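This report refers to the structure that appears directly beneath it.
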2 protein chains.
Amino acid sequence: MPERFARRIPAPTVVRLPLYQRVLNELAREAVATVSSAELAEACGVNAAKVRKDLSHFGSYGTRGTGYDVDYLLGQIQRELGIDRERAVVIAGMGHLGHALARSAGFVQSGFRIVGLFDVQPDTIGEVVAGLRVRHVSELPSVCRSEDAAIGVITTPGGAAQDVCDRMAEGGVSAILNFAPVVLTAPASVQVRDVDFSAELQVLAFYQAHPDAATGRPEAPARAGR
Amino acid sequence: MPERFARRIPAPTVVRLPLYQRVLNELAREAVATVSSAELAEACGVNAAKVRKDLSHFGSYGTRGTGYDVDYLLGQIQRELGIDRERAVVIAGMGHLGHALARSAGFVQSGFRIVGLFDVQPDTIGEVVAGLRVRHVSELPSVCRSEDAAIGVITTPGGAAQDVCDRMAEGGVSAILNFAPVVLTAPASVQVRDVDFSAELQVLAFYQAHPDAATGRPEAPARAGR
DNA sequence: GCATGTGAAGCAGTTCACAGCG
DNA sequence: CGCTGTGAACTGCTTCACATGC
């Protein structure tokens with residue numbers, strides 16, 4: 001058992017971990033035994049030195065002159081990501097996006113299990129999606145507690161997002177993935193990540209309008225601070 | 001017509017522009033006439049100095065002692081984002097996510113018009129979604145050219161993404177929003193932004209597993225880089 | 001008086017380059 | 001000899017603090 005305390009990991013590094021994990025998974029499936037930082041970097045589209053620095057934050061997993069053992073490295077990264085234990089997730093807002101996420105194979109493969117679907121529309125409640133019955137949002141807090149769900153996904157319209165956020169916090173959720181185009185207010189103990197499709201397109205549009213501003217390759221933008 | 005050459009805008013600033021745009025839009029709807037950098041910062045969940053610095057990259061739009069004129073500032077930001085002209089978008093991969101995006105109201109409101117939907121499934125082709133008939137991916141390049149679509153969205157399974165990417169490039173697309181969990185290879189002239197839901201959840205899981213690593217407030221989304 | 005705009009300071013992540021080790 | 005791991009240099013964003021101007 002390696003050391004216990006993770007040193008402060010740079011946020012950009014944390015964001016890249018899932019990428020490494022994904023690529024290593026593929027390599028493992030292809031029965032590749034070892035990778036050098038250069039190869040892994042190539043496959044991830046990042047700089048080799050960055051890969052080594054990132055991995056070094058967790059310890060020395062590589063072998064000099066050889067590279068990294070794919071299976072071992074994969075295991076270490078998954079452990080860092082806390083994928084060893086399955087995590088329960090609830091989704092609020094069963095519109096098209098909510099449906100899409102509920103049925104997403106990627107979530108399950110990544111170690112997440114969806115344990116609750118919620119909405120407020122009378123005609124949506126009761127519907128069965130991905131084997132789960134959609135319930136009214138008022139039941140969200142209790143379900144979070146009974147299912148021990150610590151992660152919530154918000155796919156409601158903007159107007160309903162803050163209310164849902166409050167209910168999630170009430171249910172003990174400590175991490176929220178927010179797709180609603182709204183700035184949420186949540187307790188400091190609740191981690192919020194925002195995803196905004198329109199904003200992504202707008203960024204692309206910006207660089208189209210300002211080709212000179214494009215920095216060759218955008219790359220890992222890091223977190224904008226709050 | 002203001003000046004022509006945009007100075008090099010920091011990538012983090014570009015990522016925040018859509019956020020400012022959104023918040024300013026709300027303020028405009030509420031008929032708020034002016035905002036100070038502090039108020040705008042509060043509403044966006046960012047630092048006030050950052051707001052001023054960001055805006056200063058585009059010129060001096062504020063009035064000392066008063067703040068910024070909401071309508072004027074909004075107009076300037078939209079102009080910077082190139083929202084003044086509508087942009088045509090094509091979507092490849094009409095699974096649940098593709099459907100969700102095709103019907104997304106947010107895209108239209110943000111100045112994007114969806115002009116083509118594509119898939120390879122025989123039973124999906126021909127279906128009409130959001131007023132558009134789904135066509136076979138082989139038609140993608142020609143439609144991009146005829147509709148002058150410069151932005152493509154990939155919502156296919158991972159295995160089909162690179163092929164679609166190639167076809168988009170062939171069709172003259174210069175910006176791609178990629179939802180497939182794959183590292184795409186595209187010409188340097190094509191800007192790619194990746195969005196990976198599972199990766200977002202994994203990042204949240206990481207911070208749950210390492211509460212000590214949480215940097216106060218991560219904030220606004222960032223893209224895992226290429 | 002009050003809020004912007006900005007030089008300067010501070011800080012963080014990236015990249016370099018090489019010592020160290022298999 | 002090759003590749004990792006890492007100190008050090010570098011680059012760039014963030015934050016500060018205040019002069020400027022309404």
Side-chain angles (χ1 to χ4, degrees), chain A residues 2-3 7-17 19-20 32-70 72-73 76 213-226, chain B residues 7-17 19-20 32-70 72-73 76-77 213-220 222-226:
Chain A
E3 60 183 286
R7 299 174 279 295
R8 195 160 257 36
I9 310 298
T13 296
V14 174
V15 170
R16 284 188 292 269
L17 287 183
L19 177 61
Y20 297 149
V32 176
T34 61
V35 261
S36 65
S37 61
E39 293 165 338
L40 185 54
E42 159 77 16
C44 294
V46 303
N47 178 298
K50 203 185 286 183
V51 170
R52 291 200 298 278
K53 185 74 89 179
D54 283 346
L55 299 182
S56 75
H57 285 118
F58 303 103
S60 301
Y61 298 147
T63 307
R64 294 169 194 236
T66 309
Y68 301 86
D69 180 281
V70 172
Y72 184 67
L73 181 56
Q76 293 307 317
T215 154
R217 321 220 142 211
E219 168 162 15
R223 227 105 280 301
R226 130 143 4 179
Chain B
R7 298 174 279 297
R8 195 161 255 40
I9 310 299
T13 296
V14 174
V15 170
R16 283 188 291 269
L17 287 183
L19 177 60
Y20 296 149
V32 175
T34 62
V35 260
S36 65
S37 60
E39 292 164 338
L40 184 54
E42 159 77 16
C44 294
V46 303
N47 178 297
K50 203 184 288 183
V51 170
R52 290 200 299 277
K53 185 72 91 179
D54 282 346
L55 299 182
S56 75
H57 285 117
F58 303 104
S60 302
Y61 297 147
T63 306
R64 293 169 193 236
T66 308
Y68 301 86
D69 180 280
V70 172
Y72 184 67
L73 181 56
Q76 293 307 317
I77 289 183
T215 155
R217 326 221 140 208
E219 177 175 5
R223 225 89 308 289
R226 112 122 27 168

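Chain A is the first sequence line, chain B the second, and so forth, proteins listed ahead of strands; every chain is numbered from 1. All of these numbers come straight from a predicted model, not from anything done at the bench.
With sequence neighbours left out, the side-chain contact (heavy atoms from CB on, under 4.5 Å) criterion links A/A33 to no other residue. Taking A/T66 as the reference, A/T34, A/T63 meet the side-chain contact (heavy atoms from CB on, under 4.5 Å) condition, with sequence neighbours excluded. The side-chain hydrogen bond (donor to acceptor under 3.5 Å, both in side chains) search around A/Y68 returns none, not counting sequence neighbours. Annotation: side-chain contact (heavy atoms from CB on, under 4.5 Å) contacts of B/A41 (sequence neighbours excluded): B/V46, B/A48, B/V51.
Rounded to a whole Å, the CG atom of B/L73 is 11 Å from the P atom of C/dT4. In this structure, CG of B/D54 is placed 13 Å from P of C/dT4, rounded to the nearest angstrom. Taking atom CD on B/E42 and atom C1' on C/dA3, their separation rounds to 17 Å, with Å as the unit. B/N47 places its CG atom 17 Å from the P atom of C/dG10, with the value rounded to the nearest Å. In this structure, the NE2 atom of B/H57 is 15 Å from the C1' atom of C/dT4, given to the nearest Å. The interatomic distance linking A/D69 (CG) with C/dG22 (P) rounds to 16 Å, in whole Å.
More than 12 heavy-atom neighbours from other residues, nucleotides or ligands sit within 6.0 angstrom of CD on A/E39.
Residue pairs meeting the salt bridge (Lys or Arg N to Asp or Glu O under 4.0 Å) criterion with at least one partner in residues 54-67 of chain B, sequence neighbours excluded, are B/R16-B/D54.
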Summary of protein contacts for nucleotides 3-13 of chain D, nucleotide by nucleotide, where a base hit scores B, a sugar-phosphate-only hit scores S (4.0 Å, heavy atoms): BBBBBB----S
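Taking 4.0 angstrom as the limit, A/K50 places none of its side-chain polar atoms (N or O) nearer than this to OP1 or OP2 of C/dG13.
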